[in-house]
Amino acid sequence: MEYFIDVVVPLSIATTFTYSVNQAEFIFLQPGMRVAVPFGKKKVYTAIVLSKHNQKPSVYTPKDILTIIDEQPIVTTKQLDFWQWIAQYYMCALGDVYKAALPSAFLLESETILSFNSTLVVDLSSLTDDEFLLYQAFEQQPILRFDEVQKILNKKQVFNVIDELLKKEIIFLNQHIHEKYKPKLVKYVTLHDTYKEENELINLLDHELKTEKQRALVLKYFQLSTQKSTIELKELLEKAGVSKAIYTNLEKKQIFETYSLAEDRVQFSDAFLNDIQFTELQNKTIQSIQNQFQQHDVVLLNAVTGSGKTEIYIELIKNALQNNSQVLFLVPEIGLTTQLVQRLTAYFGNKVAVFNSKYSENERVEVYHHVLNATEKAQIVIGSRSSIFLPFKNLGLIIVDEEHETTYKQVDPAPRFHTRDAAIVLAKMFHAKVLLGSATPSLESYYNAYQQKFGYTELLQRFKNVQLPQIVLVDLKEARRKKEVNGIFSMKLIEAITEAFYNGEQVLLFQNRRGFSPVLECLSCGHVPYCTMCDVGLTYYKRQNYLKCHYCGYTMAMPSKCHSCHSHDLTTKGLGTEQVEEALKNIFPNKNIARMDQDTTRGKFAFERLIDGFKNREIDAMVGTQMLAKGLDFDNVSLVGILNADNMLNFPDFRAYERAYQLMVQMAGRAGRKNKQGKVIIQTYNPYHNTIQQVTQNDYKGMFKEQMYERLNFKYPPFYRLIRLQLKHPDYEKVKEASQWLASNMKQSVQGILVLGPQEPSINRIRNQYIQVILIKLPINKSANALKKAIQKSINSLETIAKFKSVKTTISVDFY
DNA sequence: CTAGAGCGCTTG
DNA sequence: AAGCGCTCTAGA
């Protein structure tokens with residue numbers, strides 16, 4: 001009897017690979033275990049076992065595996081099913097899913113760089129001979145490649161040794177020198193141990209405290225300690241109304257102790273599961289969600305910003321935990337979760353784990369193992385896209401927060417999955433429930449609720465009846481006519497900013513473009529400088545005095561004269577965030593004005609610094625792109641200004657109006673949280689545009705109706721599924737010919753689909769690659785599976801044509 | 001004719 | 001992904 005296994009390798013290859021194993025290995029191996037396999041002439045890959053069998057392949061002789069890496073499967077069978085679903089639905093290789101699903105520390109590729117952890121004190125007697133040999137080599141040369149390790153140990157099978165050193169943290173994998181953001185330290189207060197006993201306590205209050213203020217401080221501490229497990233020094237002093245000196249004095253007397261914790265890494269010794277005081281409305285909403293879960297696996301919660309969504313989430317998580325289930329909390333971008341992590345940790349203590357690309361590989365592996373072993377430490381996982389690939393054992397609830405966010409759809413590389421949709425499939429495998437939450441649901445989800453496929457609940461009042469912000473439209477055409485503008489700002493906006501500053505409140509200004517201005521134009525010949533590698537106009541950056549391409553990052557010095565006619569009359573057109581920032585600084589020179597966009601958040605932790613600065617009110621006004629709209633809660637913002645609503649509406653995309661509506665409503669939601677109604681000023685040349693009217697009237701349903709009519713009419717989601725094929729090649733004629741061939745081939749050979757194009761996208765060349773796009777529409781009522789297979793067949797036959805072989809095709813299912 | 005570069009095919 | 005072999009080209 002001969003023994004074989006089928007494995008996936010972490011490469012973008014459509015097929016699985018068969019290796020031969022001996023009987024003992026065959027008995028030991030289970031699907032989901034890692035094995036090291038030789039691949040090609042010299043390479044070694046970490047493969048995942050998919051299945052075992054006895055069928056000898058007829059056309060080739062399988063190679064032997066090198067080693068078994070795991071003693072237990074690290075990928076569950078449910079995960080393997082899920083991987084298969086992703087690969088099939090999103091039309092990509094299983095290896096692509098594998099690469100996306102496992103933290104890279106699990107992959108021992110032959111090119112993997114191993115680096116030495118020189119700070120660690122190692123008990124050398126605990127090492128085996130091979131481990132010691134390698135340890136010495138690392139002392140000499142702190143970074144080694146895999147093949148060098150093979151040479152040092154003079155054998156091929158070195159995975160076990162490497163794995164052991166990894167476990168002992170003597171070496172790291174692929175450490176691209178992860179410098180961690182040094183989070184702000186927050187000071188916390190606790191009573192000295194002596195006073196934790198009741199007798200001592202009474203003694204303290206009755207005898208030791210000399211002044212009223214000291215007593216007030218200690219009493220306030222007690223009051224707070226009944227509500228929370230950790231007490232912030234700043235909060236204590238504020239609430240007790242005493243100065244720091246009083247506290248310092250008591251600290252010297254060893255009555256209080258101070259300790260510091262990183263803001264987003266607060267560890268709680270025990271969770272504080274105090275019941276939250278729900279408003280009647282919140283209670284009703286929770287009830288409603290739970291009722292809907294009786295009949296529906298997915299419920300959409302349409303809740304306005306500031307309605308207390310998080311408390312509702314917490315209650316649902318609590319219920320799930322009572323059934324001992326795991327909970328996955330999905331967020332669009334992990335950078336924005338600090339507040340959420342804090343709040344969840346305050347209720348659930350150490351049961352909350354964050355799966356964060358910002359943390360090191362080792363920390364990611366740690367969370368992975370906690371989830372795999374279903375330990376208490378990772379019962380609730382907060383994470384972005386990639387966390388749907390964690391090895392859940394008994395998932396009970398998935399929350400998808402800000403479900404409408406487009407960042408949930410992975411653009412590149414494959415698998416190009418939509419996190420929300422994949423999460424629903426994942427939940428189904430576990431018979432788990434899914435809650436989608438948003439203040440501006442995606443049309444797809446709202447339509448599913450409307451069709452009763454999803455349950456639906458709304459919460460349209462803000463917490464404690466704080467009013468929704470007042471929205472003011474400024475007609476820029478009118479304002480200019482009446483000379484009520486100062487450059488890019490209308491007088492109304494300037495007045496409102498002045499008033500907010502006067503009241504010590506903060507301002508957010510939104511402009512959906514980076515740079516100083518998106519167009520540089522020659523006044524005498526109309527020439528506009530373009531990127532040399534992309535078919536796109538260059539954006540002007542004033543401070544750096546250069547022109548930059550937003551697609552490939554190419555920059556060139558600001559020309560002093562027109563490249564075409566040598567005229568010196570160059571002018572800038574259009575408005576970017578840099579210009580808004582500068583203009584605002586000119587009007588308010590004494591205010592601290594910051595900018596948040598891709599350019600200012602590029603540095604390692606620039607984003608966090610900006611957020612911290614704004615939260616601590618060091619920044620008076622922040623100018624930014626849509627980054628500003630992404631779920632940041634600041635409690636001192638009274639005014640939000642949208643400088644030009646029109647460029648959002650003029651976007652050539654069928655989702656443009658939906659997105660514009662969502663963006664404006666989300667921006668508006670940043671205004672006025674506590675005690676005060678916020679104000680939103682929208683500047684536009686089209687005040688009567690339907691979408692803008694829908695925003696001012698807070699008319700989601702109106703927007704929904706109008707857009708659904710358009711979508712039905714023009715055959716777009718949710719009535720049709722979209723698949724976008726993108727063909728790329730440096731030769732313009734070649735891509736064009738190839739895409740024409742493909743489009744007509746599909747029109748002929750695939751029945752029941754609509755093939756649009758090939759079209760040239762508005763930017764038809766990026767990084768010297770010409771692009772053609774084919775859009776495929778599948779009727780929603782037809783089996784997508786069969787059609788996808790047929791489409792794949794067409795693509796495969798394109799690849800068999802010699803002259804088209806070098807054309808690269810990427811497939812995006814459910815294109816966003 | 002040769003050396004070297006560059007492309008693309010294969011990987012079990 | 002990357003080694004390897006095939007093809008093409010530059011230079012003598």
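In what follows, chains carry the letters A, B, and so on, assigned in the order in which the sequence lines appear, proteins first and then strands, with residues in each chain numbered from 1.
With rounding to whole Å, A:L94 atom CG is found 19 Å from B:dT11 atom P. In this structure, the CZ atom of A:F804 is 17 Å from the C1' atom of B:dG8, given to the nearest Å. Computed from coordinates, the A:H729 NE2 to B:dC7 P distance equals 10 Å when rounded to whole Å. We find that CZ of A:F17 is positioned 12 Å from P of B:dT10, with the value rounded to whole Å. Atom NZ of A:K56 is separated from atom P of B:dG12 by 15 Å (rounded to the nearest Å). B:dG12 atom P lies 14 Å from atom CG of A:D6, rounded to whole Å. Computed from coordinates, the A:D731 CG to B:dG6 P distance equals 18 Å when rounded to whole Å. In this structure, A:I13 places its CD1 atom 10 Å from P of B:dT11, rounding to the nearest Å.
Heavy atoms of A:F39 sit under 4.0 angstrom from at least one base atom. Residue-level contact check: A:P57 touches neither bases nor backbone, having no heavy atom under 4.0 Å from any strand. Using a 4.0 Å heavy-atom distance criterion, A:S12 is classed as making no nucleic acid contact.
Ring centroid separation for the pair A:F389 and A:F417 comes in under the 6.0 Å cut-off.
A side-chain donor-acceptor contact under 3.5 Å links A:Y90 to the backbone of A:H418.
Comparing B:dG12, C:dA1, B:dC9 by their nearest atom to the side chain of A:K805 picks out B:dC9. The listed nucleotides are B:dT11, B:dG12, B:dG8; the one nearest the side chain of A:K63 is B:dG12.
Counting only heavy atoms from C-beta outward, the side chains of A:K777 and A:L756 approach each other to under 4.5 Å. In this structure, the side chains of A:V37 and A:V44 stay at 4.5 Å or more apart for every pair of heavy atoms.
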